[in-house]
Amino acid sequence: MASLQPVRGMHDLLPLEFQKHSLIIEAARQLAATYGFAEMATPLMEFKEVFKRTLGDVSDIVSKEMYEIADRGGEDIVLRPEGTAGVARAIISEGLTQSMPLKFFYAGPMFRYERPQKGRLRQLHQIGVELFGVVDPLGDVEVISLAFDTLKALGLTHRVTLEINTLGDDESRKQYRNQLVTYLKDHHHKLSSDSQARLDRNPLRILDTKDEGDKKILEGAPLLSESLNPASQEVFAKIQEGLTLLNIPFKVNPHLVRGLDYYCHIAFEVTTTDLGSQGTVLAGGRYDGLMATMGGPSIPGVGWAGGIDRLAMMLHEDQLPAPKSPLAIIPMEERFDFQGLELAQRLREQGFVVEMTYGGGLGKRLKKANKMKARYALILGEEEVASHKVTCKDLESGDQIQLAVDQLGAFLRDKKPEGGE
RNA sequence: GCGGGUGUAGCUCAGGUGGUUAGAGCGCCAGUUUGUGGCACUGGAGGCCGCGGGUUCAAGUCCCGUCACUCGCCCCA
């Protein structure tokens, strides 16, 4: 049955997994709303150009990780590998640039042709927020605070670390990049081959290396914080003050970077050690140059994306809402089937969760009722139908009582004050 | 994209150095109980041993390839 496998790196979301996804999305959605972020969705497919422009030709995502579709019309179409570019595109193409700020929340699947691993899927799911049109660092604080609240709602804050860093403004960053490249070129021959390759593509990324030899070389490298101009320093300070004020714990990691040119000022990452090497669970930053790079007006932006699949792996089953236990309808003989059907419908209209039992005699159906974790079995047999009653059996205590059909709802509600749960 | 590990029933896993009909626990189905479930007991179904090729008288077991998962790197959420 090899051909009946799912496509590599793409997983079914069976009910248990799906519930975890829902829980995460729902938590983020509700919290985003309390911050004034409105939910939106963009298409799963975009023109390749959208990502080429925003992520840049040099990024791995664009150069080798996109699913490209041979469109019948000959258009260059890709499955979206991330969410921000699509939102930015929508802002331009829908003409939303007139009134700022814009605050969006989204959730959905992304696609990257990577080598799968635990926590690294080819169809991955993300939640994300974007705040456009605000330069004030207060915006950055709120965006991070929303991320933190979401993690808090999921009960994960004690298992993750928030790291932040600043890339400074254009001036600071460019100056620093030059210094860093000059320094690293002197040590070029000692760098790992990975880092050598990054030297001209994406030098800031070298700060992030895992290679021990590289790390040693970096100890003598100039620090980005020393290149920050006063304005950039001020921005970073205000963000830290804000986070502290809101009791959001963070660590400044001077080696945390973003490679692409339109990133500036804040960069942040939420990581965990619980998930192995795919430990980044949420990450974001400020991208004031993004809209202009796309060919739109120059509108500042800040946001983040969180990995639903990775967050879901950190969730415990007992964090999920308890499943509602159903009422099980048991017609004793085929001729009472329709009475059962009607009864089920009546109770559902009153808000109860009702399941039909199919096939077998009373014993077998009680067994089935038990298996579906029903709290009550509602039995309809000759006696009951003749007297317009129903036998209501409590499957925990074994007690049973005959009740008129129209008293049933009141009785069950009374027994279960939570109202049918 | 690079390097390593794994792949036996629905699930978790046993199956030294190749050797008859491939096992266990859990789960599933049935019976003990045809108007009374859970528990217990008894029985049963369910395996192209991931897939393809090779070596051999003989392959779940050895070799090669392939697919999937997985660990690390790369990259990222």
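Below, chains carry the letters A, B, ... as their sequence lines are ordered, and counting in each starts from 1.
- Proximity of A/Lys371 to the phosphate of B/C28: a side-chain N or O atom is located under 4.0 Å from OP1 or OP2.
- Rounding to the nearest 0.5 angstrom, the gap separating the CD1 atom in A/Ile266 from the CZ atom in A/Arg286 is 9.5 Å.
- For B/G38, neither phosphate oxygen OP1 nor OP2 lies less than 4.0 angstrom from any side-chain nitrogen or oxygen of A/Lys373.
- Protein atom CD of A/Gln5 is 9 Å distant from nucleotide atom C1' of B/C51, rounded to whole Å.
- Residues A/Ile69 and A/Met45 meet the side-chain proximity criterion, which asks for heavy atoms closer than 4.5 Å.
- A distance of 10.5 Å separates CG of A/Leu311 from CD of A/Gln126, quoted to the nearest 0.5 Å.
- No more than 12 heavy atoms of other residues, nucleotides or ligands sit less than 6.0 Å from atom NZ of A/Lys174.
- Contacts of A/Glu396 with the nucleic acid, taken as non-hydrogen atoms under 4.0 Å apart, include base atoms.
- Figure legend. B/G7 is base-paired to B/C67; pairs are counted as Watson-Crick or G-U wobble with both atom distances under 3.5 Å.
- Going from atom CD of A/Glu333 over to atom P of B/U34 covers 15 Å, rounded to whole Å.
- When heavy atoms are screened at a 4.0 angstrom cut-off, A/Glu384 is found touching base atoms of the nucleic acid.
- Between the side chain of A/Asn370 and the base of B/G38, no donor-acceptor pair of N or O atoms lies under 3.5 Å.
- For B/U33, there is no paired nucleotide, since no Watson-Crick or G-U wobble pair has both relevant distances below 3.5 Å.
- Residue contacts for A/Ala305: at a heavy-atom cut-off of 4.0 Å it reaches the sugar-phosphate backbone alone, with no base atom in range.
- Between the NZ atom of A/Lys367 and the P atom of B/U34 there is a distance of 12 Å, given to the nearest Å.
- Between A/Leu124 and A/Gly381, the residue anchored closer to the 5' end of RNA chain B is A/Gly381, taking for each the nucleotide with the nearest heavy atom.
- Remark: A/Lys364 is in phosphate contact with B/G31, judged by side-chain N or O atoms under 4.0 Å from OP1 or OP2.
- Counting only heavy atoms from C-beta outward, the side chains of A/Glu82 and A/Thr84 approach each other to under 4.5 Å.
- On the P atoms, B/G60 is 14 Å away from B/G53, given to the nearest whole Å.
- Out of B/G38, B/A77, B/U36, the shortest distance to the side chain of A/Ala283 is found at B/A77.
- Partner of A/Leu327 under the side-chain contact (heavy atoms from CB on, under 4.5 Å) criterion, out of A/Val353, A/Leu343, A/Leu378: A/Leu378 alone.
- Counting any heavy atom pair closer than 4.0 Å across all strands shown, A/Lys368 reaches no nucleic acid atom.
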| field | Base versus backbone protein contacts along nucleotides 69-75 of chain B [heavy-atom cut-off under 4.0 Å; B, S, -] | value | SBBBBBB
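- The cationic atom of A/Arg122 (NZ for Lys, CZ for Arg) lies less than 6.0 Å from the six-membered ring centre of A/Tyr113 and within 45° of the ring axis.
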